[in-house]
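A quick write-up on the structure given underneath.
Both counts, for ligands and for their atoms, begin at 1 and track the order of listing. If you read the sequence from its start, that first residue is 1, and numbering goes on from there.
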Amino acid sequence: MRVLGIETSCDETGIAIYDSTDGLLAEALFSQTETHARFGGVVPELASRDHIARSAPMLRQVVADAGLELGALDAIAYTAGPGLVGALMVGGSLAASLAFGLGIPALPIHHLEAHLLVARLEEDAPEFPFLALLVSGGHTLLVQVQGLGDYLTIGSTLDDAAGEAFDKVARLLSLPYPGGPALAELATVGDPAAYDFPRPMRGRGLDFSFSGLKTAVRLKLEKESSQAGSDESSGTLRANIAASFQAAVVDSLVEKSVRAMAETGLERLVVAGGVGANTELRSRLKAAGEQQGFGVYYPRPSFCTDNGVMIAYAGWCRRGTAKSGPPRIQARPRWPLDELTLSV
Ligand code: KG4
Ligand code: ZN
C-alpha cells in the first residue's frame, strides 16, 4: 500500500510517499523560515499562501521522484490538526480533492500522533507500549502510549512549550528565527555552568513550566549586558547564557522523563518533536536511560522537526480508519491528543 502524506500545519510544507513494502519512496520539504524571519515568528496568512503556492508542485515532484503516476497511490494522508487553521485547510483541500479525483481515501491525521509514531519507522523501532516525550514549538507533553490511538497525557507544560522557550530566549539573544537550532549552536561555545538558572517544578510531579526560566534569563541578560563592555565579552556572555539556559531546559525535560519512566514502569522512552533534534537533550536522555535501565529511541533529527514522512507513515498506521463516501476536509486547530481513539 502506498500512502502520500501532506503536512501543512505550520510553516513547513512536507510531502512524502510511504510504501508498506519498500518504506519511504520519496519526500520533499520546504521550510518558510525566510518568509517569516523578518517578523520574528510565523505569520499565519503568509504561511497559508505559501502552502498554496508550493504544495501541488511539490506533490507532483515527489510522485515523479518515486517513479510513480498519481494512479499508483492508495490513500492520501494529511495533517488535520492541531495547527494554523488556514494552513491546515490548504493541505486538507489538496488531500480531499486529490483523493476524490482518484477515488481513494483521504486520512485526517493528528500532527502530534504523527510525531510520536514516526520513531517506529526507524530501523531500531520501539515496540508498544512506550512513554513519549513530545517537545515541539507548541507542545511539551509526556504521553503514555499503549498502542495506536491509545494515548494518555501524564505531564504537560503549565505555560510555554519547550520549543517556544527556546525561540523566545533566542530572540532575547538577537538570534535569527527559528531560534531553537540557532540557540543550540551558540550554546556549543558557552559554559552551561556559567549561570545557575532556575529549574522550575523540580522534584514536583510531571508537569513543566518554562516562563519563569525565560524571565530569569531576560533579567540576567539585562543586568550583565550593561556591564559587558567589549564585543568579545558580550559574545561570551551570550554564549554562556545560551548554554546555561539550554542546560536548565534539558535538566527539566530529563528529570521529568526519568520520573515518568519510574512511575509508569515503562521500558521504552521515545523522544519526538522539533526540540527532540537537540543534541544535548539526546545525549543526556541516552545517558539517563543507560543509568536507569530503559531504552531511549529517537527519530533521526529530520524526522523530529515537521515533515511529510511522519504524516504518510501515520496514514499507513491509520489505514483501517478510512471512512467511506466522498472525502471531507477536516481542520481542527485545537485537538487534544487524548481524544484520539482508533477511529478519527
Ligand atoms: O515539531 P516542530 O518542527 O514544529 C511544531 O510542531 O511546533 O518544532 C519546532 C520547534 C521550534 O520551537 C524550534 O525552535 C525547536 O522545535 N527546535 C529546536 C531544535 N530544532 C528545532 N530546539 C532546540 N534545539 C534544536 N536543535
Ligand atoms: Zn510539529
Is there any N or O on [X] that sits under 3.5 Å from an N or O of ligand 1?
| X | answer |
| --- | --- |
| Phe166 | no |
| Glu12 | no |
| Ala184 | no |
| Asp306 | yes |
| Gly180 | yes |

Handout entry: Results of ring pair (Phe, Tyr, Trp, His ring centres under 6.0 Å) for Phe210 - residues two or more places apart only
Key = none

Practice task
Let me see the working for Ser209 and Asp159 under side-chain hydrogen bond (donor to acceptor under 3.5 Å, both in side chains), right down to the final yes or no.
Solution key: CA-CA 6 Å; Ser209 166; Asp159 38 59; 2.7 Å; yes

Problem - Under 2.8 Å from the Zn ion (ligand 2), the protein N, O or S atoms, given as residue and atom - result: His111 NE2, His115 NE2, Asp306 OD1

Exercise for the section: Using a 4.0 Å heavy-atom cut-off, say whether His139 meets ligand 1 through its side chain, its backbone, both or neither. Expected result: neither

Exercise for the section: Check ligand 1 against His111 and write out every atom of the ligand that is under 4.0 Å from a heavy-atom position of the residue. Expected result: 6 (O)

Handout entry: Proximal ligand 1 atoms for Gly163, defined as those under 4.0 Å from one of its heavy atoms
Key = 12 (O)

Problem - Cys10 touching ligand 1 at heavy-atom level, < 4.0 angstrom - result: no

Practice task
Indicate yes or no: at least one non-hydrogen side-chain atom of Asp306 is less than 4.5 angstrom from one of His111.
Solution key: yes

Handout entry: Neighbour count above 12 (heavy atom, 6.0 Å) for Glu267 CD
Key = no

Exercise for the section: Decide if the gap between the ring center of Phe303 and the ring center of Tyr298 is smaller than 6.0 angstrom. Expected result: no

Exercise for the section: Closest by any non-hydrogen atom to atom 26 (N) of ligand 1: pick that one out of Asn278, Leu134, Val250. Expected result: Asn278

Fill in the blank from the handout: Ranking Ala161, Pro301, Gly274 by closest non-hydrogen atom to atom 8 (O) of ligand 1, top hit is Gly274

Handout entry: Donor + acceptor pair across side chains of Asn240, Glu224 (<3.5 Å)
Key = no

Problem - Parallel, tilted or perpendicular: ring planes of Trp316 versus Tyr18, cut at 30 and 60 degrees - result: tilted

Handout entry: Minimum-distance protein heavy atom relative to atom 14 (O) of ligand 1
Key = Asp167 OD1, 2.6 Å

Exercise for the section: Would you mind checking if Asp74 and Arg2 are paired as a salt bridge, meaning a charged N to carboxylate O distance below 4.0 Å? Expected result: no

